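Structure record follows, encoded as structure tokens.
Model, not experiment: these values are computed from the prediction. The figures that follow rest on heavy atoms only: side chains count, while hydrogens, waters and symmetry mates do not.
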Amino acid sequence: MDLSSNSMLPRSIGCQLSSLTWKCIALVTMVLFLRAVLLHSFSGYGVIEWNNLDMILSHSLLSSSNDEGIRRDKFLEVPQIVWGLNNQKIAFARACLTARMLNRTLLMPSLSASLFYKEIDRLQPISFDKVFHFDKFNSLCNGFVRLGRYSDLKNKTGIYDLQKGSGRKWTVERDMEQLKQSSRGRVDEHEVIRIVGKNPFLWHDHWPVTDYARVFECLVLVDEISKEADKVVSKIQQMGRKLRSKTDMVQSNSDADTEGSSLAAAPYIAVHMRVEIDWMIHCKKLEQRSGVNQICSSKQEIIERVGNIVSSGSPTVVHLAVADSLLNDSSILSGWKKGLLPFEKKKLRVDGIYKKHPYLVQSAIDYEVCSRADIFVGNSYSTFSSLIVLERTQKMMRMGIKNSCGIDVRWPSYAYNIPGNSNGPQKWMTNMSDSSLQAISYGSNAISC
């Protein structure tokens with residue numbers, strides 16, 4: 001009895017296994033059949049394809065992983081960030097994106113309050129959080145990049161010094177390979193990787209414009225600087241209302257009309273006018289090297305082209321963002337089209353606001369005033385102008401505007417060094433599809449009409 005029961009057991013198990021196998025085969029067949037039907041149905045109408053769905057899901061999972069994956073116990077340290085405001089912003093963003101690739105928190109770097117291109121020992125370091133909000137940066141960039149303080153260090157391991165290569169032989173590919181090797185193995189075991197060598201602005205660029213834009217969006221000026229910019233903008237708008245009110249008083253004797261006009265919003269144009277001697281020398285050399293003849297613009301060209309943007313109507317203030325060396329040059333204030341009233345910070349009587357601060361903060365105020373303008377006009381080969389246009393392009397794209405050609409839009413920007421319609425400046429939007437930020441520095445990132 002026991003023997004017969006034992007002999008029946010293998011047969012029973014075999015039958016169960018056979019049945020289970022056939023069930024699995026049937027299930028797989030059914031899944032493949034349904035996949036084929038759905039793939040054929042949807043791909044024809046362009047709704048969704050399974051390959052695309054796989055990519056979307058993978059990207060979603062990767063994004064979710066990255067949201068929690070920026071390590072808070074591993075850090076990247078970079079050299080002091082130097083040069084002009086917008087060069088420093090680019091350098092900072094590049095350092096952030098390098099830290100992101102290494103899955104590390106970036107130790108809050110020092111910026112440079114002064115502007116010395118060659119005399120490094122004369123640079124005045126200024127802490128990042130004296131210019132930009134530290135906590136707001138981490139909040140806005142949460143899951144993408146992260147800043148840390150030196151007080152966060154545990155000092156459990158030594159610091160690994162990573163020497164950046166230089167020269168023609170140090171290619172983009174070699175630089176990327178160095179970063180990949182530093183993201184794993186013994187190097188990655190160190191609590192801090194300290195990059196030694198060049199200022200981050202001079203590092204090879206590996207990231208698309210959209211990644212830089214994401215970091216720039218997280219840079220919020222501290223209240224002290226933002227309020228200074230508020231004062232300048234308020235003065236510009238006050239001047240605009242005053243000038244419009246005077247015009248209305250001449251045109252109408254109605255007190256009600258005059259009062260209403262004086263309280264109305266007064267839009268303004270901001271022009272980043274690059275005509276100082278050192279810029280003209282630089283841009284002439286750049287034209288010779290590149291073979292491009294649309295980099296430099298004379299005062300007369302700028303004044304004429306800006307004058308062809310708006311039609312004659314109510315008086316409009318033109319805020320001129322110029323170098324201090326031009327504040328005593330009366331020629332930049334003359335020759336403007338009727339109805340356009342140019343003011344620089346000295347004529348506007350806000351130069352005292354600027355003088356209280358070091359160079360970097362003065363540039364930050366100018367940047368903020370220009371970025372808030374109803375119309376901005378700059379030089380497409382200027383980093384300052386280019387980053388303002390990038391910010392304004394993002395605002396328009398969030399409103400669903402991908403191209404400003406042929407339509408009236410809010411926050412329009414123009415490049416006065418490129419002739420556009422009716423002898424005006426070329427409309428300008430940043431090409432957000434660029435694979436690197438290099439175009440920002442060389443004026444080729446403008447979307448033309």
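The nearest pair of heavy atoms linking D73 to E191 is O-CG, 3.6 Å.
With sequence neighbours excluded, no residue forms a side-chain hydrogen bond (donor to acceptor under 3.5 Å, both in side chains) with N379. Residues passing the ring pair (Phe, Tyr, Trp, His ring centres under 6.0 Å) test with H206, sequence neighbours excluded: none. Annotation: salt bridge (charged side-chain N to carboxylate O under 4.0 Å, His left out) contacts of D230 (sequence neighbours excluded): R372. Contacts of E276 classified as salt bridge (charged side-chain N to carboxylate O under 4.0 Å, His left out), with partners at least two apart in sequence or in another chain: R274. Not a single ring pair (Phe, Tyr, Trp, His ring centres under 6.0 Å) links H133 to another residue, sequence neighbours left out. In this structure, H319 has no ring pair (Phe, Tyr, Trp, His ring centres under 6.0 Å) partners at least two apart in sequence or on a different chain. Qualifying salt bridge (charged side-chain N to carboxylate O under 4.0 Å, His left out) partners for D366, counting only residues two or more places apart in sequence or in other chains: none. With sequence neighbours excluded, the residues satisfying side-chain hydrogen bond (donor to acceptor under 3.5 Å, both in side chains) with R149 are D129. With sequence neighbours left out, F92 forms a ring pair (Phe, Tyr, Trp, His ring centres under 6.0 Å) with F128, F137. For E189, the salt bridge (charged side-chain N to carboxylate O under 4.0 Å, His left out) test picks out no residue, with sequence neighbours left out. With sequence neighbours excluded, the residues that form a side-chain contact (heavy atoms from CB on, under 4.5 Å) with L140 are C218, V220.
Salt bridge absent: K346 and D324 never bring a charged side-chain N and a carboxylate O closer than 4.0 Å. Using a cut-off of 4.0 Å between Lys/Arg side-chain N and Asp/Glu carboxylate O, K299 and D329 are scored as salt-bridged. Between K231 and E228 a salt bridge is recorded (basic side-chain N to carboxylate O distance below 4.0 Å). Salt-bridge check for D161 with R194: passed, with a basic side-chain N closer than 4.0 Å to an acidic carboxylate O. A salt bridge does not link K74 with D188: every distance from a Lys NZ or Arg NE/NH1/NH2 to an Asp or Glu carboxylate oxygen is 4.0 Å or more.
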Intermediate values then yes/no, side chain to side chain contact (heavy atoms under 4.5 Å, CB included), F376 and C370: CA-CA 7 Å; F376 173 73; C370 288; 3.8 Å; yes
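In this structure, CG on L360 lies 14.0 Å from NZ on K130, to the nearest 0.5 angstrom. Atom CZ of R146 sits about 9.0 Å away from atom CG of N142, to the nearest 0.5 Å. The distance from the NZ atom of K345 to the OH atom of Y354 is 6.0 Å, given to the nearest 0.5 Å. Annotation: the span from L286 atom CG to W279 atom CH2 amounts to 7.5 Å, rounded to 0.5 Å.
Aromatic rings from W83 and F201 are positioned such that their centres are separated by under 6.0 Å.
Geometrically, K164 engages W203 in a cation-pi contact, judged by NZ or CZ lying under 6.0 Å from the ring centre and within 45° of the ring axis. Remark: R214 qualifies as a cation-pi partner of F144 under the 6.0 Å distance and 45° angle criteria applied to the six-membered ring.
The one candidate from D374, L341, V310 that meets the side chain to side chain contact (heavy atoms under 4.5 Å, CB included) condition with I269 is V310. Exactly one residue among V318, I236, I375 makes a side chain to side chain contact (heavy atoms under 4.5 Å, CB included) with Y268. That residue is I236.
By the neighbour-count criterion of 12 heavy atoms within 6.0 Å, atom NZ of K284 is sparsely surrounded, having that number or fewer from other residues, nucleotides or ligands. When the shell of 6.0 Å around CZ of R72 is examined, it contains 12 or fewer heavy atoms from other residues, nucleotides or ligands. The neighbour count for K395 NZ, taken as heavy atoms of other residues, nucleotides or ligands under 6.0 Å away, is above 12. Counting non-hydrogen atoms of other residues, nucleotides and ligands closer than 6.0 Å to NZ of K356 gives a total above 12.
Identified under the disulfide (SG to SG under 2.5 Å) test for residues 267-309, with sequence neighbours left out: C283-C296.
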